[in-house]
Number of protein chains: 2
Amino acid sequence: MAQTGRSGCPINLTLEQLGDRWSLVVIRDVMFGNRRSYGELLAQSEERIASNILADRLKRLTASGLLTRRAAPTHRQKVIYSLTEAAIQLVPLLAHMGAWGRRHTRPSKELSVRAELLEKGGAPLWNAFMEELRHLHLGAPRPARSVSGELQAAYEKALAKRSR
Amino acid sequence: MAQTGRSGCPINLTLEQLGDRWSLVVIRDVMFGNRRSYGELLAQSEERIASNILADRLKRLTASGLLTRRAAPTHRQKVIYSLTEAAIQLVPLLAHMGAWGRRHTRPSKELSVRAELLEKGGAPLWNAFMEELRHLHLGAPRPARSVSGELQAAYEKALAKRSR
DNA sequence: CCGACTGCTTGCAGTATGCAAGTGGTCTGC
DNA sequence: GCAGACCACTTGCATACTGCAAGCAGTCGG
């Protein structure tokens, strides 16, 4: 990212960390797509991110405390990325992005199903989903309500329908 | 912006339009700073945006329906930019960005006052502010409640305090 | 020990950005 | 009506970032 004049404005600081084409796409894939390794993020990316850009973003996001990396228990060289609490707290932001994109751009109907669900569910749904992410990524206790299933199911169903 | 693989995901579509370092900074300045002309946006920008980038973003944002431009009533060559309804609906997104930046980066305490107010006010405050923007930029009737004053006052006060 | 798999790295060409200076209209004072 | 200030951009150029294709080193399974 280019070096630019700084300012203490929180919106600007957020943009300095996440204001580029790919950072939030990576977060989104880890968050909603549950893609946890370099290979999964590279191959299953809907938008075909370039491999060097992906490597750079993973490095950057790890350095700035949005992701953590550790070796997979099965294979020593396989790396698993997890969201940090800071990243999990981006859920409302991404939900709003989805809602805005659904209203003010021309999303493919199939792929906006997830955003529609998130939008309709509002803050209670986001909170439930964030609890679930804390369980999955931070090892917090399993929450009572599980919502990622329905979100993911709707998304996969839409993807399958699309590829037909 | 680079040409990239598209996808129908609404989050990705939002990022295609706004996912760069400057677009949202410009929107923010028009929205919260009430800077309506090229000169104001250029000179009073806290982050010192480059003139050619500003010209490019104004063109882009106008083309994609987030801003409208018209001549000022007083001076024929002076141009005034206004937010469209689509841009006004970015208020919750920017509010979340501010809230996240305030919590997960190190903002200067003075400049995060506005974000703090927005965060505490929540959706009701955002809605009141959006009504006011519709009045200012779209010519909608003046709303009963006026909140931009307090937001702006807090911000200016913080700026003044900072320059001491 | 071989081939497949994993997570990256490298080279290169094209594009975007940042900076400083310049352009062409318009308004203001005299 | 004319000089100088003002306004909204443009232009040239060096540097940084991006996208693509290919390559590379460590591991695992047989």
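Residue numbers start from 1 in every chain, and the chains themselves are labelled A, B, ... in the order their sequence lines are given, proteins ahead of strands.
Remark: side-chain polar atoms of B:His137 are paired, donor with acceptor, to backbone N or O of B:Leu83 under 3.5 angstrom.
For the pair B:Arg48 CZ and C:dT17 C1', the interatomic distance rounds to 18 Å; values are reported in whole Å. In this structure, A:Glu47 atom CD and D:dG19 atom C1' are separated by 15 Å, rounded to whole Å. In this structure, B:Gln44 atom CD and D:dA8 atom P are separated by 11 Å, rounded to whole Å. D:dC6 atom P lies 12 Å from atom NZ of B:Lys78, rounded to whole Å. Between the CD1 atom of B:Ile53 and the P atom of D:dC9 there is a distance of 15 Å, given to the nearest Å. Atom P of nucleotide D:dA21 and atom CG of A:Leu54 are separated by 16 Å, given to the nearest angstrom. Atom CZ of B:Arg35 is separated from atom P of D:dA8 by 14 Å (rounded to the nearest Å). In this structure, the CZ atom of A:Arg60 is 11 Å from the C1' atom of D:dA16, given to the nearest Å.
For B:Ser37 against B:Tyr81, the heavy-atom pair with the smallest separation is CA-CD1, 4.4 Å. The two atoms that bring A:Met130 and A:Pro92 nearest to each other are SD-CD, 4.1 Å, heavy atoms only.
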What side-chain donor-acceptor pairs closer than 3.5 Å can you find for residues 114-122 of chain B, not counting sequence neighbours?
unit_1, atom_1, unit_2, atom_2, d
B:Glu116, OE2, B:Lys120, NZ, 3.4
B:Glu119, OE1, B:Arg102, NE, 2.9
B:Glu119, OE1, B:Arg102, NH2, 2.8
B:Glu119, OE2, B:Arg103, NE, 3.2
B:Glu119, OE2, B:Arg103, NH2, 3.1

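When the ring-ring contact (aromatic ring centres under 6.0 Å, His included) test is applied to B:Phe32, the partners found at least two apart in sequence or on another chain are B:Phe129. Every residue two or more places apart in sequence or in another chain that forms a ring-ring contact (aromatic ring centres under 6.0 Å, His included) with B:His104 is listed here: B:Trp100. In this structure, the side chain to side chain contact (heavy atoms under 4.5 Å, CB included) partners of A:Ala72, at least two apart in sequence or on a different chain, are A:Thr74, A:Lys78, A:Ile80.
For the residue pair A:Asn12 / A:Glu16, a side-chain donor-acceptor distance below 3.5 Å is found, with atom types taken as modelled.
Taking 4.0 angstrom as the limit, A:Arg21 places none of its side-chain polar atoms (N or O) nearer than this to OP1 or OP2 of C:dT15. Residue A:Trp22 has no polar side-chain atom (N or O) positioned under 4.0 Å from OP1 or OP2 of D:dC17. Between A:Arg57 and D:dT18 there is a side-chain polar atom (N or O) within less than 4.0 angstrom of OP1 or OP2.
Rounded to the nearest 0.5 Å, atoms CZ (A:Arg134) and CG (A:Leu138) are 7.5 Å apart.
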Please tabulate the protein-to-nucleotide N/O contacts below 3.5 Å involving nucleotides 8-10 of chain C, giving atom names and distances.
unit_1, atom_1, unit_2, atom_2, d
C:dC8, OP1, A:Arg69, NH1, 3.1
C:dC8, OP2, A:Arg69, NH1, 3.1
C:dC8, OP2, A:Tyr81, OH, 2.6
C:dT9, OP2, A:Lys59, NZ, 3.1
C:dT9, O4, A:Ser51, OG, 3.0

Distances under 3.5 Å only, N/O to N/O: pair up the protein atoms with those of nucleotides 26-30 of chain D.
unit_1, atom_1, unit_2, atom_2, d
D:dG26, N2, A:Gln77, NE2, 3.3
D:dT27, O3', A:Gln77, OE1, 3.4
D:dC28, OP1, A:Arg76, N, 2.7

